[in-house]
Amino acid sequence: MGTPVKDVVIKADAPTVLLMEKHSDYIASYGTRKDDYEYCMSEYLRMSGIYWGLTVMDLMGQLHRMNKEEILQFVKSCQHDCGGVGASLGHDPHLLYTLSAVQILSLYDSLHVIDVDKVVEYVKGLQQEDGSFAGDKWGEIDTRFSFCAVATLALLGRLDAVNLESAAEFIVTCMNFDGGFGCRPGSESHAGQIYCCTGFLAITGQLHHINADLLGWWLCERQLPSGGLNGRPEKLPDVCYSWWVLASLKIIGRLHWIDKEKLSTFILACQDEETGGFADRPGDVVDPFHTLFGVAGLSLMGDRQVKAVSPVFCMPEETLQRIGLQPELLS
């Protein structure tokens with residue numbers, strides 16, 4: 001007997017259309033309830049939360065509903081003397097939140113709000129001798145941070161500040177026999193890490209290192225009978241992998257290897273018809289994280305109700321065109 005497949009059952013009465021107005025109302029009101037338990041407990045990732053909310057609102061054409069001046073002031077207040085940006089006031093700087101801050105300011109065309117030269121120096125100072133990047137001064141190494149570093153610098157037009165050759169060599173050492181990538185050399189392939197590594201190689205023009213057919217096969221095998229995608233074998237489907245897996249497939253030119261219709265059905269079934277927002281799976285509690293990646297996944301599959309999204313930066317394509325950024329994609 002083979003290993004049983006872990007999956008979910010989509011109910012017959014699950015949503016089948018994109019509830020745009022519900023989602024924009026959900027995101028617009030999210031940051032106004034600052035005394036909510038959920039809001040208070042998510043302070044440690046506030047900067048990324050703002051990025052998720054702003055990006056999905058922009059993709060839905062609703063960015064104007066957000067409080068631009070309040071957000072810009074918040075981002076400015078979270079930059080430290082070292083140049084890095086923290087998740088919130090009083091939180092240590094980290095590459096994850098530095099990228100989120102730069103993405104937020106790029107959406108608003110307001111990079112002048114922070115000291116860009118200090119950001120560049122901060123990122124540069126986190127590169128290690130083997131080309132990898134630490135997430136912060138405490139030294140954790142992860143391919144996520146390599147992506148954050150080059151994505152931040154690319155948005156700032158300062159990729160020349162770091163050693164891209166050694167950075168790419170480190171990423172290649174994290175490639176596995178199945179074509180995927182892990183967080184460090186020898187680590188298990190994971191869809192989130194694959195997105196970071198393919199994104200890194202796209203930004204730096206190094207996609208020739210990838211075996212697109214081998215990696216594409218591993219990625220398309222993440223689709224389950226429900227239509228949803230998981231991040232590793234033997235895991236349940238999750239809306240966020242509609243982004244990590246799909247974006248990676250788009251970057252390597254293999255998006256057509258999955259069943260788009262079944263995936264769309266799964267994504268739409270994860271909406272909450274009462275509150276708006278997307279959950280990880282049908283019937284679960286919604287949040288801004290899954291709301292962004294649900295809408296972004298639909299955009300990647302060509303849903304014309306929302307703006308086109310960049311598979312590399314998870315930002316509207318129109319924003320990257322304004323900046324003049326065109327990452328490499330395989331055909």
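These numbers come from the heavy atoms of this one structure, side chains and all, not from hydrogens, waters or symmetry mates. Given the structure is predicted, the values throughout are model-derived calculations rather than measurements. Residues: numbered from 1 along the sequence shown.
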Co-membership, hydrophobic cluster, residues Val172 and Ile210, 4.5 Å side-chain: no

Rounded distance [0.5 Å steps], NZ in Lys124 versus CG in Asp160: 9.0 Å

Under a single-linkage definition using a 4.5 Å side-chain heavy-atom cutoff for Ile, Leu, Val, Met, Phe, Trp and Tyr, are Leu330 and Leu300 assigned to the same hydrophobic cluster? yes

Indicate yes or no for a side-chain donor-acceptor contact from Ser299 to the backbone of Val295 under 3.5 Å, with no hydrogens or angles considered. no

With a 4.5 Å heavy-atom cut-off, do Asp213 and Ile252 have their side chains touching? no

Non-hydrogen side-chain atoms of Glu169 and Asp130 separated by less than 4.5 Å: no

Side-chain polar contacts of residues 223-230 - donor-acceptor pairs under 3.5 angstrom, sequence neighbours left out - could you list them?
unit_1: Gln223; atom_1: OE1; unit_2: Asp259; atom_2: N; d: 2.9
unit_1: Gln223; atom_1: NE2; unit_2: Gly227; atom_2: O; d: 3.0
unit_1: Gln223; atom_1: NE2; unit_2: Asp259; atom_2: O; d: 3.0
unit_1: Ser226; atom_1: OG; unit_2: Asp7; atom_2: OD1; d: 2.7
unit_1: Ser226; atom_1: OG; unit_2: Asp7; atom_2: OD2; d: 3.4
unit_1: Ser226; atom_1: OG; unit_2: Gly228; atom_2: N; d: 3.3
unit_1: Asn230; atom_1: OD1; unit_2: Arg222; atom_2: NE; d: 2.7
unit_1: Asn230; atom_1: ND2; unit_2: Arg232; atom_2: O; d: 3.1
unit_1: Asn230; atom_1: ND2; unit_2: Lys235; atom_2: O; d: 2.9

Should Leu95 and Tyr44 be regarded as members of a common hydrophobic cluster, given that ILVMFWY residues are connected when their side-chain heavy atoms come within less than 4.5 Å of each other, either directly or indirectly? yes

So, Ser24 versus Arg65: side-chain donor-acceptor pair below 3.5 Å or not? yes

Report the relative orientation of the aromatic rings in His23 and Phe278; use parallel for angles under 30°, tilted for 30 to 60°, perpendicular for over 60°. tilted

Can you tell me how far CG of Leu126 sits from OG1 of Thr98, rounded to the nearest 0.5 angstrom? 8.0 Å

Does the cation-pi check pass for Arg46 over Tyr51, that is, NZ or CZ under 6.0 Å from the six-membered ring centre and within 45° of its axis? no

Tell me, yes or no, whether the heavy-atom count around Gln326 atom CD, taken from other residues, nucleotides or ligands under 6.0 Å, exceeds 12. no

Between Tyr26 and Gln271, does any side-chain donor sit less than 3.5 Å from a side-chain acceptor? no

Pair Phe289-Leu45, side-chain contact (heavy atoms from CB on, under 4.5 Å): steps then yes or no: CA-CA 11 Å; Phe289 175 85; Leu45 49 69; over 6 Å; no

Determine whether Ile194 and Trp244 make a side-chain contact, defined as any pair of heavy atoms from C-beta on separated by less than 4.5 Å. no

Look at the side chain of Asp115 and the backbone N and O of Asp117, then say whether any donor-acceptor pair between them is shorter than 3.5 Å. yes

Is the count of non-hydrogen atoms from other residues, nucleotides or ligands lying under 6.0 Å from Glu21 atom CD greater than 12? no

Kindly give the heavy-atom pair with the smallest separation between Ile71 and Tyr108, and that separation in Å. CD1-OH, 3.9 Å

Backbone of Ser166 reached by a side-chain donor or acceptor of Asn163 within 3.5 Å: yes

Taking Asn176 for the side chain and Asp178 for the main chain, is one N or O donor matched with an acceptor at less than 3.5 Å? no

Less than 4.5 Å apart, side chain to side chain, heavy atoms only: is that true for Pro316 and Leu59? yes

If you define the side chain from C-beta out and look only at heavy atoms, does anything of Met315 sit under 4.5 Å from Val309? no

Stepwise salt bridge (Lys or Arg N to Asp or Glu O under 4.0 Å) check, Glu69 with Lys76: CA-CA 11 Å; Glu69 293 309 315; Lys76 179 181 177 68; over 6 Å; no

Are there over 12 heavy-atom neighbours, none belonging to Lys11, within less than 6.0 Å of that residue's NZ? no

Shortest non-hydrogen separation from Ser248 to Ala191 and the atoms involved: OG-O, 4.4 Å

Answer with yes or no after comparing the ring centroid distance for Tyr97 and His91 against a 6.0 Å cut-off, counting only values under it. no

Side-chain heavy-atom pair Leu263, Ser242 within 4.5 angstrom cut-off: yes

Can you tell me how far apart CG (Asp303) and CG (Leu268) are? Round to the nearest 0.5 Å. 8.0 Å

At what distance, to the nearest 0.5 angstrom, does CD1 of Ile267 lie from OH of Tyr241? 14.5 Å

Taking ring-ring contact (aromatic ring centres under 6.0 Å, His included) as the criterion, tell me which of Phe293, Phe313, Phe147, Phe181 meets it with Tyr195. Phe147

Heavy-atom pair of closest approach, residues Leu255 and Leu246: CD1-CD2, 3.2 Å

Nearest 0.5 angstrom please: Phe200 CZ to Ile251 CD1, how far? 13.0 Å

Distance-only, no hydrogens or angles: does the Arg184 side chain make a donor-acceptor pair with backbone N or O of Ile141 under 3.5 Å? yes

Indicate the atoms forming the closest heavy-atom contact of Val286 with Gly276, along with that distance. CG2-O, 3.5 Å

Do you know the tightest heavy-atom contact between Phe266 and Pro282? CE1-CD, 3.9 Å

Quick one: does Asp58's side chain get under 4.5 Å of Glu318's, heavy atoms only? yes

Output for pair (Ile50 CD1, Tyr30 OH), nearest 0.5 Å, gives 11.0 Å

What verdict does the side-chain hydrogen bond (donor to acceptor under 3.5 Å, both in side chains) test give for Gln193 and Asp142, after you've listed the backbone C-alpha separation in whole Å, the side-chain angles of each residue and the deciding distance to 0.1 Å? CA-CA 9 Å; Gln193 308 296 148; Asp142 192 309; 3.1 Å; yes

Can you spot which of Cys148, Ser132, Cys174 makes a side chain to side chain contact (heavy atoms under 4.5 Å, CB included) with Thr143? Cys174

Taking all non-hydrogen atoms of both residues, which atom of Pro327 and which atom of Val312 are closest, and how far apart? CB-CG2, 3.8 Å

Determine yes or no for a side-chain-to-main-chain donor-acceptor pair under 3.5 angstrom, with Thr32 supplying the side chain and Ala28 the backbone. no

With hydrophobic residues grouped by side-chain heavy-atom distances under 4.5 Å, do Leu96 and Phe74 end up in a single group? yes

Quick one: sort the His94 and Phe145 rings into parallel, tilted or perpendicular, breaks at 30° and 60°. perpendicular

Pair Asp284-His290, side-chain hydrogen bond (donor to acceptor under 3.5 Å, both in side chains): steps then yes or no: CA-CA 11 Å; Asp284 286 355; His290 290 94; over 6 Å; no

Take Trp138 and Asp92 through the side-chain contact (heavy atoms from CB on, under 4.5 Å) test and state the conclusion after the steps. CA-CA 10 Å; Trp138 305 111; Asp92 288 349; 3.8 Å; yes

Min side-chain heavy-atom separation Lys68-Met66 under 4.5 Å: no

Test log, rule side-chain contact (heavy atoms from CB on, under 4.5 Å), inputs Leu292 and Cys314: CA-CA 9 Å; Leu292 167 60; Cys314 196; 4.1 Å; yes

side-chain contact (heavy atoms from CB on, under 4.5 Å) evaluation trace for Lys307 with Glu317: CA-CA 8 Å; Lys307 296 180 183 179; Glu317 283 283 12; over 6 Å; no

In the single-linkage hydrophobic clustering (I, L, V, M, F, W, Y; side-chain heavy atoms under 4.5 Å), do Ile27 and Leu19 co-cluster? no

